[in-house]
Amino acid sequence: MKKDTFLISAVVGVAATALEIILTFILKLTGLIKTPLYLFVGKLAVGQVPKQPQWIEPTVGIIGHLIIGVTFTFLFVLVLRKWGDDYIYLKGLGFGGFLWVIHEVIIPNIITSKIVLRISAVSQLTHIITAFFWGLAAAFIYRLLQKRIKFIRF
């Protein structure tokens, strides 16, 4: 598994993204935010479809967010393998910040400018914080996996 970049990316990406989804779901349940990132992804993916069941946007958002998480984790792992995993947590923070720009600025404007997504300032600030959280979680899980893999004999 040490050489299998995609498998490591999938494990790290699903784990880090699931942690981020759980964190934002808790923040939504407590009423601190209205639009967690997974719901934002769902709104972008589904659009303004009339008379859709309420569970569609969150479900599509969670699945889409996990897929996006694995995809960007693949890039993160490639960066770590190319330039080393020294300062891994700082690189994780930087990559998380990069992802926020991709998620919040670039992708929504590429997909459409017609959908009106009302996101409060608190939700937007939470998206920035959870992007950094995701980067740290991905770095931590990657480092943890690398240490554990060294002891596995094939």
Side-chain angles (χ1 to χ4, degrees), residues 4-81 85 87-146 148:
D4 194 340
T5 303
F6 183 76
L7 184 57
I8 288 175
S9 301
V11 171
V12 173
V14 167
T17 306
L19 287 172
E20 189 266 337
I21 288 170
I22 291 167
L23 175 64
T24 56
F25 181 73
I26 291 169
L27 292 174
K28 181 169 175 46
L29 284 179
T30 60
L32 293 174
I33 61 172
K34 289 184 178 186
T35 311
L37 191 53
Y38 69 86
L39 191 56
F40 183 70
V41 171
K43 286 179 182 296
L44 282 173
V46 174
Q48 295 179 345
V49 178
K51 298 181 184 178
Q52 66 182 353
Q54 289 185 337
W55 58 270
I56 294 288
E57 279 183 0
T59 303
V60 170
I62 288 170
I63 293 168
H65 196 49
L66 287 168
I67 293 169
I68 291 167
V70 169
T71 303
F72 281 109
T73 304
F74 182 73
L75 294 176
F76 181 57
V77 170
L78 288 177
V79 166
L80 293 176
R81 294 215 169 151
D85 63 356
Y87 307 106
I88 191 169
Y89 300 112
L90 187 58
K91 289 176 182 175
L93 281 172
F95 202 80
F98 166 73
L99 285 184
W100 178 81
V101 172
I102 298 294
H103 282 148
E104 304 292 330
V105 179
I106 296 173
I107 291 176
N109 289 314
I110 289 173
I111 292 174
T112 184
S113 60
K114 295 177 185 174
I115 295 176
V116 178
L117 296 173
R118 300 188 193 283
I119 298 178
S120 69
V122 173
S123 291
Q124 210 47 274
L125 181 61
T126 304
H127 292 186
I128 293 170
I129 294 167
T130 58
F132 289 136
F133 172 80
W134 181 91
L136 285 174
F140 177 78
I141 295 165
Y142 177 80
R143 171 75 42 98
L144 185 68
L145 273 179
Q146 291 303 309
R148 301 236 177 199

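Any value given below was found using the heavy atoms of this structure, including those in side chains, with hydrogens, waters and symmetry copies removed. Only a predicted model underlies this, so the values are computations on that prediction, with no experimental measurement involved.
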statement: Lys28 meets the side-chain hydrogen bond (donor to acceptor under 3.5 Å, both in side chains) criterion, sequence neighbours left out, with none
- prompt: To the nearest 0.5 Å, what is the distance between OG1 (Thr71) and CG (Leu66)?
  reply: 10.5 Å
task: Rounded to the nearest 0.5 Å, what's the gap from CG on Leu19 to OG1 on Thr24? Could you check?
output: 10.5 Å
query: After noting the C-alpha distance and the side-chain angles of Leu23 and Thr130, does the key distance pass the side-chain contact (heavy atoms from CB on, under 4.5 Å) rule?
result: CA-CA 8 Å; Leu23 175 64; Thr130 58; 3.9 Å; yes
- prompt: His127 and side-chain contact (heavy atoms from CB on, under 4.5 Å): which partner among Ile33, Leu99, Leu37?
  reply: Leu37
task: For the residue pair Ile102 and Phe98, establish whether any side-chain heavy-atom pair is separated by less than 4.5 Å.
output: yes
field: Pairs involving residues 91-101, ordered by first then second residue, that meet salt bridge (charged side-chain N to carboxylate O under 4.0 Å, His left out) (sequence neighbours left out)
entry: Asp86-Lys91
Donor-acceptor pair, side chain of Arg143 and main chain of Tyr89, under 3.5 angstrom: no
field: Heavy-atom check, side chain of Thr126 versus side chain of Leu32, under 4.5 Å
entry: no
message: Which residues pass the side-chain contact (heavy atoms from CB on, under 4.5 Å) test with Val79, not counting sequence neighbours?
response: Trp83
message: Within this structure, what is the OG1-CG distance for the pair Thr73 and Leu78, rounded to the nearest 0.5 Å?
response: 10.5 Å
query: Are Ile106 and Val101 side-chain neighbours, meaning at least one heavy-atom pair lies under 4.5 Å?
result: yes
Would you list the atom pairs, donor with acceptor, under 3.5 Å between side chains in residues 131-141 and any protein atom, with sequence neighbours excluded?
| residue | atom | partner | partner atom | Å |
| --- | --- | --- | --- | --- |
| Trp134 | NE1 | Thr17 | OG1 | 3.0 |

task: Could I get the full list of ring pair (Phe, Tyr, Trp, His ring centres under 6.0 Å) partners for Phe76, not counting sequence neighbours?
output: Phe95
- prompt: Looking at side-chain heavy atoms only, is the closest gap between Ile8 and Gln146 below 4.5 Å?
  reply: yes
query: Between CZ of Phe72 and OG of Ser9, what distance do you get to the nearest 0.5 Å?
result: 13.0 Å
Run the side-chain donor-acceptor check on residues 54-65: report pairs under 3.5 Å with partners two or more places apart or on a different chain.
| residue | atom | partner | partner atom | Å |
| --- | --- | --- | --- | --- |
| Glu57 | OE1 | Lys43 | NZ | 3.4 |
| Glu57 | OE2 | Gln52 | NE2 | 3.2 |
| Thr59 | OG1 | Trp55 | O | 2.7 |
| His65 | NE2 | Glu20 | OE1 | 2.5 |

